[in-house]
Amino acid sequence: MNSPFHFPSLVWDHSIAIYLFLLGVSAGGSMLSVLLKRSGLAGERPDENNILRVNALLAPISITIGLLLLIFHLTKPWTFWYLMFNYSSTSIMSVGVMLFQVYMASLILWLVIIFKSVVLGLLNRFLPKLAGLADKIIRIAAKFTNVIELVVLLTSIALGAYTGFLLSALVSYPMLNNPVLPILFLASGTSSGIAALILFTLLCTKENTHSKSLAFLHRFETPVVLIEAFLLFAFFFGLYLGGGQKTVAFKTALLGGFWSNVFWIGVVGIGIVLPLLLNAVAKDALKHNKVFMMLVAILGLIGVFSLRYFVLYAGQMTLA
């Protein structure tokens, strides 16, 4: 029996939607963290900045969970390691593996440089024989901090867009085979990264709601959401004018049905309109209220999460 989550043309299911969401959070969080540090607003001791501390856990953990979901979604999950060493420039999955490896290596190295004292403290406690060697390696790597930060920044941008390229490579689905999708996913991933950093910083630390670091994130919040709204318009306007099955995909996705409700209520209403409206009508005192800030962040995350599910499932409902 067909349902919104089970239909004949469905290939990629909910685990892929969560994977796409978590990759966006990781890429967006890392991107903003690098920009925060390079802006000088993280302070003279970046290792004491709460947003960078949160991202040190958020970015690696979220992408690791996402990749585990992807691995166990494979037909033969125990052979996934073949992809780690057998590269093919013509395979979108292989390109993604290469990108992930560079991103993770540069991200971990960057975090180790920032949190050198924590890393060496743990090594001295549990693996004292490696502490001296690790100290030398970190000192050498620290000389290339600028290059490493740029690599993290560029790979996080590429990873955010890659989630869209991964779906747009499915040429048999006219809604997904759309050139706007990578840019849309980059924008929505950036939005989810901002929201996740704000939410977990306020939830897990004692960060002042008037801090320069949080103000830096807020500076990007509204523009990114507006860009996301414009890209959504461009995405569907292109489908509408595409004719044939593209127009069919447009009508199937937006004009009635379960996934149409997910889009209009979850993506547009909760994820875009409500946060913009709350920020527009709220007074300055309320905008810096901890509960209010967390609420807006949660709404943003719900919107991006809904977008990933909507695009993945609604995009597979119409075949070329």
Side-chain angles (χ1 to χ4, degrees), residues 1-25 28 66 69-70 73 92-93 96 160-192 195 224-225 227-275 299-320:
M1 182 181 295
N2 290 351
S3 75
F5 294 94
H6 299 281
F7 44 89
S9 55
L10 181 68
V11 176
W12 286 355
D13 58 17
H14 64 280
S15 58
I16 301 301
I18 299 172
Y19 158 75
L20 296 172
F21 172 74
L22 291 174
L23 253 66
V25 169
L69 288 172
L70 177 63
H73 185 269
I92 188 68
M93 189 69 75
Y162 167 75
T163 56
F165 280 115
L166 187 64
L167 294 185
S168 64
L170 300 174
V171 294
S172 57
Y173 299 100
M175 179 173 157
L176 298 180
N177 188 221
N178 192 314
V180 179
L181 194 58
I183 310 172
L184 173 61
F185 270 32
L186 174 60
S188 63
T190 303
S191 180
S192 67
V224 170
V225 171
I227 291 171
E228 185 182 350
F230 170 76
L231 290 171
L232 277 171
F233 172 78
F235 178 81
F236 286 110
F237 193 62
L239 276 181
Y240 178 74
L241 296 179
Q245 288 299 95
K246 287 185 178 290
T247 304
V248 172
F250 169 85
K251 293 178 179 179
T252 302
L254 295 186
L255 305 180
F258 177 83
W259 291 113
S260 139
N261 292 331
V262 169
F263 177 77
W264 292 112
I265 298 173
V267 179
V268 177
I270 296 175
I272 296 177
V273 175
L274 197 51
L299 293 175
L301 288 172
I302 292 173
V304 176
F305 191 69
S306 299
L307 177 63
R308 294 297 195 266
Y309 261 88
F310 167 77
V311 170
L312 185 69
Y313 276 91
Q316 294 181 84
M317 293 183 74
T318 304
L319 291 170

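As the structure is a computational prediction, the values presented were derived from the model and not from experiment. Numbering starts at 1 and runs along the sequence shown.
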Decide if the gap between the ring center of F5 and the ring center of W259 is smaller than 6.0 angstrom. yes
May I ask you to check whether F263 and F236 place their ring centers less than 6.0 Å from one another? yes
Pairwise distance [atom1]([X]) to [atom2]([Y]) - rounded to 0.5 angstrom:
| X | Y | atom1 | atom2 | result |
| --- | --- | --- | --- | --- |
| S188 | I227 | OG | CD1 | 12.0 Å |
| F233 | L184 | CZ | CG | 14.0 Å |
| N177 | M175 | CG | CE | 12.5 Å |
| L170 | N178 | CG | CG | 12.5 Å |
| L274 | L299 | CG | CG | 5.0 Å |
| L186 | F165 | CG | CZ | 9.5 Å |

Could you go through L312 and I16, starting from their C-alpha distance and side-chain angles, then the distance that decides it, and tell me whether this counts as side-chain contact (heavy atoms from CB on, under 4.5 Å)? CA-CA 8 Å; L312 185 69; I16 301 301; 4.0 Å; yes
Centre of Y313's six-membered ring, under 6.0 Å away, within 45 degrees of the axis: is that where NZ or CZ of R308 sits? no
For residues [X] and [Y], report the shortest heavy-atom separation together with the two atoms involved.
| X | Y | value |
| --- | --- | --- |
| V225 | S191 | CG2-OG, 4.1 Å |
| G269 | P275 | O-CD, 4.4 Å |
| A187 | L231 | CB-CD1, 3.8 Å |

Does the plane of the ring in F305 sit parallel, tilted or perpendicular to the ring in F21? Use 30° and 60° as the thresholds. perpendicular
Crowding at CZ, F258 (>12 non-hydrogen neighbours, <6.0 Å): yes
Under 4.5 Å between any side-chain heavy atoms of [X] and [Y], yes or no?
| X | Y | value |
| --- | --- | --- |
| L23 | F185 | no |
| F310 | L254 | yes |
| T247 | L239 | no |
| T318 | P174 | yes |
| W12 | L167 | yes |
| Y309 | I18 | yes |
| S306 | V267 | yes |

Any chance you could lay out the side-chain contact (heavy atoms from CB on, under 4.5 Å) test for Y19 and L166, step after step, and finish with the verdict? CA-CA 12 Å; Y19 158 75; L166 187 64; 3.8 Å; yes
Looking at Q316 and L10, would you say the former's side chain and the latter's main chain have a donor-acceptor pair under 3.5 Å? no
